[in-house]
Amino acid sequence: MTTRSCPCGLPEAYEDCCGRFHTGAAAAPTAERLMRSRYCAFVRRDGGYLLRTWHPRTRPERIDFDPGMRWTGLEILDTDGGSAFHSTGTVTFRACYRGGSLHERSRFERVDGGWVYVDGEFLD
């Protein structure tokens with residue numbers, strides 16, 4: 001990842017990648033892109049975006065960030081559904097942080113036409 005590339009791991013600059021989702025200029029077109037943008041929101045500590053993209057039935061009241069957490073990379077391991085032709089999808093990923101990693105299978109659904117995070121299952 002270069003200093004200009006987006007934290008989500010794609011080669012575009014943040015403003016052209018996840019930044020446009022964070023500002024509301026565009027909506028994530030797939031479950032995978034939403035997952036990438038949510039990872040980026042964790043990196044940037046954008047709690048507002050995380051709450052807006054969380055399913056209403058599972059959304060917490062607030063997000064408390066660990067000030068010592070430093071996210072270092074994202075690897076998409078598998079996707080199932082989650083395209084423009086689906087109403088649900090899953091994304092399996094590994095998010096690395098200084099000192100470890102988080103391996104999760106996340107579930108996504110469309111609500112009012114937009115993708116939202118429902119919940120996740122921690123793996124290994």
message = Taking Phe21 as the starting point, is it possible to reach Val43 by hopping between hydrophobic residues whose side chains are less than 4.5 Å apart?
response =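 Yes, Val43 and Phe21 fall within the same hydrophobic cluster.
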inquiry  = Starting from Phe42, can I reach Leu102 by hopping between I/L/V/M/F/W/Y residues whose side chains sit under 4.5 Å apart?
reply    =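 Hydrophobic grouping puts Leu102 with Phe42.
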Determine the minimum heavy-atom distance between [X] and [Y], stating which atoms define it.
X      : Y      : result
Pro11  : Ser5   : O-CB, 4.0 Å
Trp115 : Gly89  : CZ3-N, 4.0 Å
Val116 : Arg52  : CG1-O, 4.4 Å
Ser83  : Arg110 : O-NH2, 3.3 Å
Pro60  : Leu51  : O-CD2, 3.5 Å
Val118 : Thr58  : O-OG1, 2.7 Å

request  = Please work out whether the ring planes of His22 and Tyr14 are parallel, tilted or perpendicular, with thresholds of 30° and 60°.
outcome  =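 Ring orientation, 0 to 90° scale: tilted.
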Let me have the donor-acceptor pairs involving side chains of residues 61-69, under 3.5 Å, with sequence neighbours excluded, atom names and distances please.
residue	atom	partner	partner atom	Å
Arg62	NE	Asp64	OD1	3.0
Arg62	NE	Asp64	OD2	3.4
Arg62	NH2	Asp64	OD2	3.3
Asp66	OD1	Gly68	N	2.9

query = side-chain hydrogen bond (donor to acceptor under 3.5 Å, both in side chains) between Tyr49 and Ser37: does it pass, once the steps are laid out?
reply = CA-CA 9 Å; Tyr49 180 76; Ser37 71; 2.6 Å; yes
message = Are the side chains of Met35 and Ile76 in contact, using a 4.5 Å heavy-atom criterion?
response =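 They are in side-chain contact.
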request  = Can you sort out the partners of Arg38 under salt bridge (Lys or Arg N to Asp or Glu O under 4.0 Å), two or more places apart, ordered by chain and number?
outcome  =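 Arg38 satisfies salt bridge (Lys or Arg N to Asp or Glu O under 4.0 Å) with no residue once adjacent residues are dropped.
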task = Tell me, please, which residues at least two apart from Asp112 pass side chain to side chain donor-acceptor pair (under 3.5 Å).
result =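 Residues passing side chain to side chain donor-acceptor pair (under 3.5 Å) with Asp112: none at all.
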ask   = So, Glu32 versus Thr30: side-chain donor-acceptor pair below 3.5 Å or not?
value =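 The answer is no; no qualifying pair exists.
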N-O pairing of Arg20 and Glu12 below 4.0 Å =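 So Arg20 does not pair with Glu12 through a salt bridge.
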task = Kindly say whether the aromatic ring centers of Phe108 and His55 come within a distance under 6.0 Å.
result =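 Between Phe108 and His55, the centre distance exceeds or equals 6.0 Å.
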